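Presented below is the structure to which this report refers.
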Number of protein chains: 2
Amino acid sequence: MKRDYLGEFEHIVLLALLRLDKQAYGMRIRQEIEQRTGRSVAIGAVYATLDRMEAKGYVSSRLGEPTAERGGRAKRFFRIEAEGAEALKRSEEALSRMRLGVRVTRGMA
Amino acid sequence: MKRDYLGEFEHIVLLALLRLDKQAYGMRIRQEIEQRTGRSVAIGAVYATLDRMEAKGYVSSRLGEPTAERGGRAKRFFRIEAEGAEALKRSEEALSRMRLGVRVTRGMA
DNA sequence: TCATTTATTCTACATTGTAGAAATATGAAG
DNA sequence: CTTCATATTTCTACAATGTAGAATAAATGA
């Protein structure tokens, strides 16, 4: 039952990675999503999603230098991999084609 | 754990409803999604998703006239309800805000 | 060493996604 | 009226994704 496109939250997390670029680590990703979308995000949800996408090869991670400025554990930075970018593209294109010609944000009913 | 936005497939199905308008019944919805997105869709997936969204008040359904032209069971037509339209709008807007300023379909890596 | 801070990891469960066989309802043919 | 072919929905079971929050870890400075 291997899927080749993204779930809703996976989609949002990948967009956050692109958006944050080198700054993409768990806590920051969560903050970015909360600020942009206005919805609250459990930190566990972010990591679970990232871990699963890493297992699929969609993202990779590396530990940052332990040079935090005011204490605290080292950051784990994530970046999108080619397969993740492709899945993102597929999902974006599928939605885009479904949306073609329909008014989605005005007088939908 | 009540969600106020859509899963990926729910999202696509709602877009299909808008797109098909009065023609929106299970088999046709499936066909529309397959044609637009290029992915194959199990008919059970369509109904399960529609049934769950109906339970949430996102869509409603009514049975069509049993006046099929070449035999076959009556169609069950679906339409999007106000709450579904709102959820769709929220999902679209969340994605849209996450996408703002990032190149999603070109040179993403 | 302890308190504080920042961040990740873990565990458990809810919701959504998926597949395909089974069932239902019709019209047409015999 | 019985059977066949067709169109469509319904059902069942399981896999994948989403979510929550407590627990744990690692670093700093007093």
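Letters A, B, ... mirror the listed sequences (proteins, then strands); counts begin at 1. Keep in mind that what you see is a predicted model, and the values were worked out from it rather than measured.
Listed by chain and number, the residues in a salt bridge (charged side-chain N to carboxylate O under 4.0 Å, His left out) with B:Arg52 amount to none (sequence neighbours excluded). Residues passing the side-chain hydrogen bond (donor to acceptor under 3.5 Å, both in side chains) test with B:Arg79 are B:Glu81, sequence neighbours excluded. Not counting sequence neighbours, the partners of B:Asp51 by the side-chain hydrogen bond (donor to acceptor under 3.5 Å, both in side chains) test are B:Arg76. Taking A:Tyr5 as the reference, A:Arg3, A:Ser91, B:Glu8, B:Arg39 meet the side-chain contact (heavy atoms from CB on, under 4.5 Å) condition, with sequence neighbours excluded. For B:Arg97, the salt bridge (charged side-chain N to carboxylate O under 4.0 Å, His left out) test picks out no residue, with sequence neighbours left out. The salt bridge (charged side-chain N to carboxylate O under 4.0 Å, His left out) search around B:Arg28 returns B:Glu32, not counting sequence neighbours. Remark: B:Arg99 pairs with A:Glu92 by the side-chain hydrogen bond (donor to acceptor under 3.5 Å, both in side chains) rule, at least two apart or across chains. Annotation: ring-ring contact (aromatic ring centres under 6.0 Å, His included) contacts of B:Phe9 (sequence neighbours excluded): none.
In this structure, CZ of A:Phe77 is placed 15 Å from P of C:dT6, rounded to the nearest angstrom. Atom CZ of A:Phe78 and atom C1' of C:dT9 are 11 Å apart (whole Å). With rounding to whole Å, A:Leu63 atom CG is found 19 Å from C:dT6 atom P. Atom-to-atom, CZ of A:Arg3 to P of C:dT16 comes out at 13 Å; the value is rounded to the nearest Å. Put simply, OH on A:Tyr58 is 13 Å from C1' on D:dT17, counting in whole angstrom units. To the nearest angstrom, P of C:dT16 lies 10 Å from CE of B:Met53. Between the P atom of D:dT17 and the CG atom of A:Asp51 lies a distance of 13 Å, rounded to the nearest Å.
The residue among A:Ile43 and B:Ala42 whose nearest nucleotide of DNA chain C is located toward the 5' end is A:Ile43. Comparing A:Ser40 and B:Arg76, the nucleotide of DNA chain D nearest to each residue sits closer to the 5' end for B:Arg76.
Residue A:Gln23 places its CD atom among 12 or fewer non-hydrogen atoms of other residues, nucleotides or ligands, all under 6.0 Å distant.
Proximity of A:Lys56 to the phosphate of D:dA16: no side-chain N or O atom is located under 4.0 Å from OP1 or OP2. When the side-chain nitrogen and oxygen atoms of B:Tyr5 are compared with OP1 and OP2 of D:dT19, one or more of them lie within a distance under 4.0 Å.
For A:Lys75, the side-chain atoms get nearest to C:dA7 when compared with the rest of D:dT8, C:dG17, C:dA7. Side-chain proximity of A:Arg73 to the nucleotides C:dT18, D:dA26, C:dT24 is greatest for D:dA26. In this structure, of D:dT19, D:dT17, C:dT9, it is D:dT19 that holds the atom nearest to the side chain of A:Ala45.
Proximity of A:Tyr58 to A:Leu6: side-chain heavy atoms (C-beta onward) are separated by under 4.5 Å at one or more points.
Each ring-ring contact (aromatic ring centres under 6.0 Å, His included) pair with one or both residues in residues 80-102 of chain B, not counting sequence neighbours, would appear here, but there are none.
One can find a donor-acceptor pair under 3.5 Å joining the base of C:dG17 and the side-chain atoms of B:Arg52.
A heavy atom closer than 4.0 Å to some atom of DNA chain D occurs in B:Tyr25, B:Gly26, B:Met27, these being the qualifying members of residues 23-39 of chain B. In the region residues 6-17 of chain A, proximity to DNA chain D at under 4.0 angstrom, judged on heavy atoms, holds for A:Gly7, A:Glu8, A:Phe9, A:Glu10.
Without hydrogens or angle criteria, A:Arg30 side chain to A:Val41 main chain gives a donor-acceptor distance under 3.5 Å.
Secondary-structure stems of DNA chain C, taken as three or more successive Watson-Crick or G-U wobble pairs (i with j, i+1 with j-1) under a 3.5 Å distance threshold, comprise C:1-30 with D:1-30.
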